[in-house]
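One structure below.
All of these numbers come straight from a predicted model, not from anything done at the bench. Both counts, for ligands and for their atoms, begin at 1 and track the order of listing.
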Amino acid sequence: MRILLTGAAGFLGSHLCDRLLAEGHSVIGMDNLLTGNIDNIQHLAGRDDFTFIKQDVTNYIYIAGPIDAVMHFASPASPIDYLNYPIQTLKVGALGTHNALGVAAAKGARFLLASTSEIYGDPLVHPQREDYAGNVDTIGPRGVYDEAKRFAEAMVMAYHRTHGVDTKIVRIFNTYGPRMRLDDGRVVPNFIGQALRGESLTIYGDGTQTRSFCYVSDLVEGIYRLLMSDYNDPVNIGNPTEMSILEFSNIVNELTNCTSGIVFKEHLRIAGDPQTRQPDITRARNVLDWEPKIDLQTGLEKTIAYFKDRV
Ligand code: UDP
């Protein structure tokens, strides 16, 4: 297949480039490098099955020749990033999704949207199943990301139903691994960065809020299976092993041999932080025969090794 991937220089986008190329596909990677990092795909330069186009996908996208699949991964995705770029976040979810769908419709390509567990907001149903409609504060700080992705899902289903595009929606839960930005503000790079510098880990709030962390290779496997499937409804991909942020901080401190402990901080800009989050992956198991394979310790060791060179 010849695949257009937006957000190709991001954390997930760059791992997807590697996987798609390894499967023998050719990839056109697009990114405006607002929050992506060209270093993530530097190793692909010069390959004749990979092309990079520096473009903001909220502008009209022109690609010559056939395209078999469009994967829309462009978006600021960490709370710090989308709070820094609220309007770009709304635009890439709305206009960017529309443009990317337009390419898929024109080329007769299948389409895959990177959606998010954030569409569930601060969930009142636990764990989150795909048929849960969510609890989102439209005008809260996270609304710019949550509503952009909710709009994007609606737009995808409109193209599916109106134009018959073979569309897929993956709802991505917290994912970690090499190539995350050390300064993206998320808990995994923050904690590992702090531990490696010998600083105390900063816990926002009381640390009782929970998350479920999926290693990037597991996520990429699930996304690849979804792309190749004929399934059109949303699918959660994530690791259901849930823990509190306090427990998570202990694990990071242990694995890094950091003895500086933890410090509690007030939630400043990140108000609206969901209290719980855990994917129900029954659908992914049934439809894709997928479940995560990498346990947290193994995944964190690989991630810590990556960050060691960068701190
Ligand atoms: N968090 C924290 N300390 C940090 C960074 C994040 O306690 O230095 C918390 C944050 O408040 C949230 C959780 O860790 O409850 C996960 O945050 P992250 O930004 O990684 O992603 P989110 O799941 O909120 O989108």
Side-chain angles (χ1 to χ4, degrees), residues 10-12 35 75-86 89 93 114-123 126-128 134-137 140-150 171-216 219 236-253 256 258 260-279 296 299-300 303-304 307 311:
F11 164 49
L12 297 182
T35 59
S75 179
S78 80
I80 293 272
D81 284 346
Y82 56 74
L83 291 167
N84 281 337
Y85 302 110
T89 301
S115 186
T116 167
S117 57
E118 277 287 319
I119 66 110
Y120 300 119
D122 193 1
H126 196 74
Q128 291 77 55
N135 176 37
V136 170
D137 176 5
R142 289 176 176 247
V144 295
Y145 185 60
D146 303 3
E147 293 299 343
K149 291 293 189 182
R150 290 170 70 93
R171 292 187 181 149
I172 299 169
F173 283 67
N174 292 67
T175 303
Y176 68 99
R179 301 187 192 158
M180 292 186 96
R181 271 192 4 250
L182 204 46
D183 65 349
D184 87 356
R186 282 190 269 210
V187 69
V188 173
N190 269 17
F191 280 5
I192 295 178
Q194 288 160 345
L196 292 176
R197 289 188 298 264
E199 299 165 8
S200 310
L201 311 195
T202 53
I203 294 186
Y204 300 154
D206 61 6
T208 59
Q209 70 271 37
T210 68
R211 292 295 186 272
S212 310
F213 298 100
C214 184
Y215 189 64
V216 63
L219 186 93
N236 289 338
I237 300 285
N239 190 321
T241 308
E242 182 185 8
M243 70 195 64
S244 71
I245 293 302
L246 193 57
E247 284 174 80
F248 184 65
S249 69
N250 289 329
I251 295 173
V252 171
N253 271 332
T256 52
C258 176
S260 308
I262 54 177
V263 52
F264 291 95
K265 282 200 165 183
E266 209 184 324
H267 269 109
L268 295 174
R269 304 177 63 203
I270 316 195
D273 201 349
Q275 183 60 25
T276 58
R277 202 185 270 159
Q278 187 203 133
L296 187 64
L300 278 178
T303 311
I304 291 165
F307 281 129
V311 165

So is F191 touching ligand 1 or not, going by heavy atoms under 4.0 Å?
yes

Which pair of non-hydrogen atoms, one from Y145 and one from A77, has the smallest distance, and what is that distance?
OH-CB, 3.9 Å

Are any of the side-chain heavy atoms of M180 and I192 separated by less than 4.5 Å?
no

Select one of side chain, backbone, both or neither to describe which atoms of R186 lie under 4.0 Å from any atom of ligand 1, heavy atoms only.
both

Please state which part of I245 comes within less than 4.0 Å of ligand 1, counting heavy atoms only: side chain, backbone, both or neither.
side chain

Residues E242 and H126: side-chain donor-acceptor under 3.5 angstrom
yes

Shortest heavy-atom approach to atom 14 (O) of ligand 1 - which of T210, V187, L246, D206:
V187

Does L201 approach ligand 1 within less than 4.0 angstrom via side chain, backbone, both or neither, non-hydrogen atoms only?
neither

State whether the shortest distance between N or O atoms of R211 and N or O atoms of ligand 1 falls below 3.5 angstrom.
yes

If we only consider heavy atoms of Q194, is any one of them less than 4.0 Å away from an atom in ligand 1?
no

Side chain proximity check, T256 to I304, heavy atoms < 4.5 angstrom
yes

Find all atoms of ligand 1 within a distance of less than 4.0 Å from any non-hydrogen atom belonging to N190, and give their numbers and elements.
4 (C), 5 (C), 8 (O)

Considering the heavy atoms of N174, write down every atom of ligand 1 situated less than 4.0 Å from one of them.
21 (O), 22 (P), 23 (O)

Within the structure, is a non-hydrogen atom of G185 found at a distance of less than 4.0 Å from ligand 1?
yes

Using a 4.0 Å cutoff against the non-hydrogen atoms of D273, which atoms of ligand 1 qualify?
10 (C), 11 (O), 12 (C), 15 (O), 24 (O)

Any donor-acceptor pair under 3.5 Å linking the side-chain atoms of Y120 with those of N236?
yes

Residue-level breakdown please: for K265 versus ligand 1, do any non-hydrogen atoms fall below 4.0 Å on the side chain, on the backbone, on both, or on neither?
neither

Distance-minimising heavy-atom pair for S75 and T89:
OG-CG2, 4.3 Å

Answer with side chain, backbone, both or neither: which part of R142 has a heavy atom less than 4.0 angstrom from an atom of ligand 1?
side chain

Quick one: do E199 and S260 satisfy side chain to side chain contact (heavy atoms under 4.5 Å, CB included)? Show the steps, please.
CA-CA 6 Å; E199 299 165 8; S260 308; 5.6 Å; no

Can you list the atoms of ligand 1 that are under 4.0 Å from a heavy atom of I203?
7 (O)

Single hit among F213, Y215, F11 for side chain to side chain contact (heavy atoms under 4.5 Å, CB included) with T175
F11

S200 vs Q194, side chain to side chain donor-acceptor pair (under 3.5 Å): CA-CA, chis, key distance, verdict
CA-CA 6 Å; S200 310; Q194 288 160 345; over 6 Å; no

How about V136 and R150: do any of their side-chain heavy atoms sit closer than 4.5 Å?
yes

Nearest neighbour of atom 7 (O) of ligand 1 from the list Y204, F248, F173, on a heavy-atom basis
Y204

Please state which part of T202 comes within less than 4.0 Å of ligand 1, counting heavy atoms only: side chain, backbone, both or neither.
both

